Amino acid sequence: MAELKPCPFCGGKARIHYQPLYTDDGVCIACSECKARSRFFLYDCKYTFYHGEKDVYISKERATGDVIDVWNRRAED
């Protein structure tokens, strides 16, 4: 698993959060200082369309990897 970059807003420590959302489970990343959050990615479910793929099952590992990629992306990259 890739290491998380610090928060792009305050430079604080980022942490991965696994949490339920209604009937599904999901993952996001949040800053421990300013509480900024990434998008929320659902896992253990099937998406009709996901990043160009059709009818794909998203595992916890894939969702975690995707949310880390989104968090670590910066404008200067």
Side-chain angles (χ1 to χ4, degrees):
M1 182 168 21
E3 189 170 326
L4 292 172
K5 289 183 179 179
C7 176
F9 303 107
C10 75
K13 182 162 177 66
R15 298 179 190 270
I16 298 173
H17 291 274
Y18 296 98
Q19 58 192 47
L21 180 70
Y22 305 111
T23 59
D24 296 311
D25 292 319
V27 60
C28 71
I29 297 175
C31 173
S32 60
E33 301 296 321
C34 73
K35 310 301 184 215
R37 288 187 175 264
S38 70
R39 288 180 12 197
F40 193 80
F41 285 74
L42 296 177
Y43 61 84
D44 289 339
C45 61
K46 185 175 180 181
Y47 280 84
T48 302
F49 192 76
Y50 186 86
H51 296 286
E53 300 176 52
K54 292 184 179 181
D55 296 326
V56 62
Y57 173 82
I58 303 301
S59 67
K60 184 177 185 177
E61 293 78 22
R62 180 167 180 187
T64 302
D66 288 348
V67 78
I68 289 171
D69 290 344
V70 168
W71 179 266
N72 285 343
R73 185 173 42 220
R74 301 292 193 260
E76 64 271 3
D77 288 347

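Keep in mind the model is a prediction, meaning the values are calculated, not measured.
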Donor-acceptor pair, Asn72 side chain versus Glu3 backbone, under 3.5 Å? yes
Can you measure from [atom1] ([X]) to [atom2] ([Y]) and round to the nearest 0.5 angstrom?
X	Y	atom1	atom2	value
Cys10	Lys35	SG	NZ	9.5 Å
Arg37	Cys7	CZ	SG	12.0 Å
Ser38	Ile16	OG	CD1	9.5 Å

Restricting to non-hydrogen atoms, name the atom on [X] and the atom on [Y] that form the minimum distance, rounded to 0.1 Å.
X	Y	answer
Arg15	His17	O-CD2, 3.4 Å
Asp44	Lys60	OD1-N, 4.0 Å
Lys5	Ala14	O-CB, 3.7 Å
Ser59	Tyr43	O-CB, 3.6 Å
Trp71	Pro8	CZ2-CD, 3.8 Å

Any side-chain donor near an acceptor of the partner, Thr64 and Tyr18, under 3.5 Å: yes
Would you kindly confirm whether Tyr57 and Phe40 end up in one hydrophobic cluster when ILVMFWY residues are joined by side chain heavy atoms under 4.5 Å apart? no
Find out if a path of hydrophobic residues (ILVMFWY) with successive side-chain heavy-atom gaps under 4.5 Å connects Val67 to Phe9. no
Can you check whether [X] reaches [Y] side chain to side chain, under 4.5 Å on heavy atoms?
X	Y	value
Cys28	Arg39	no
Lys46	Asp55	yes
Ile68	Val70	no

Gln19 atom CD, over 12 foreign heavy atoms within 6.0 Å: yes
For Arg62 and Val56, what are the C-alpha separation, side-chain angles and deciding distance, and is it a side-chain contact (heavy atoms from CB on, under 4.5 Å)? CA-CA 11 Å; Arg62 180 167 180 187; Val56 62; 3.6 Å; yes
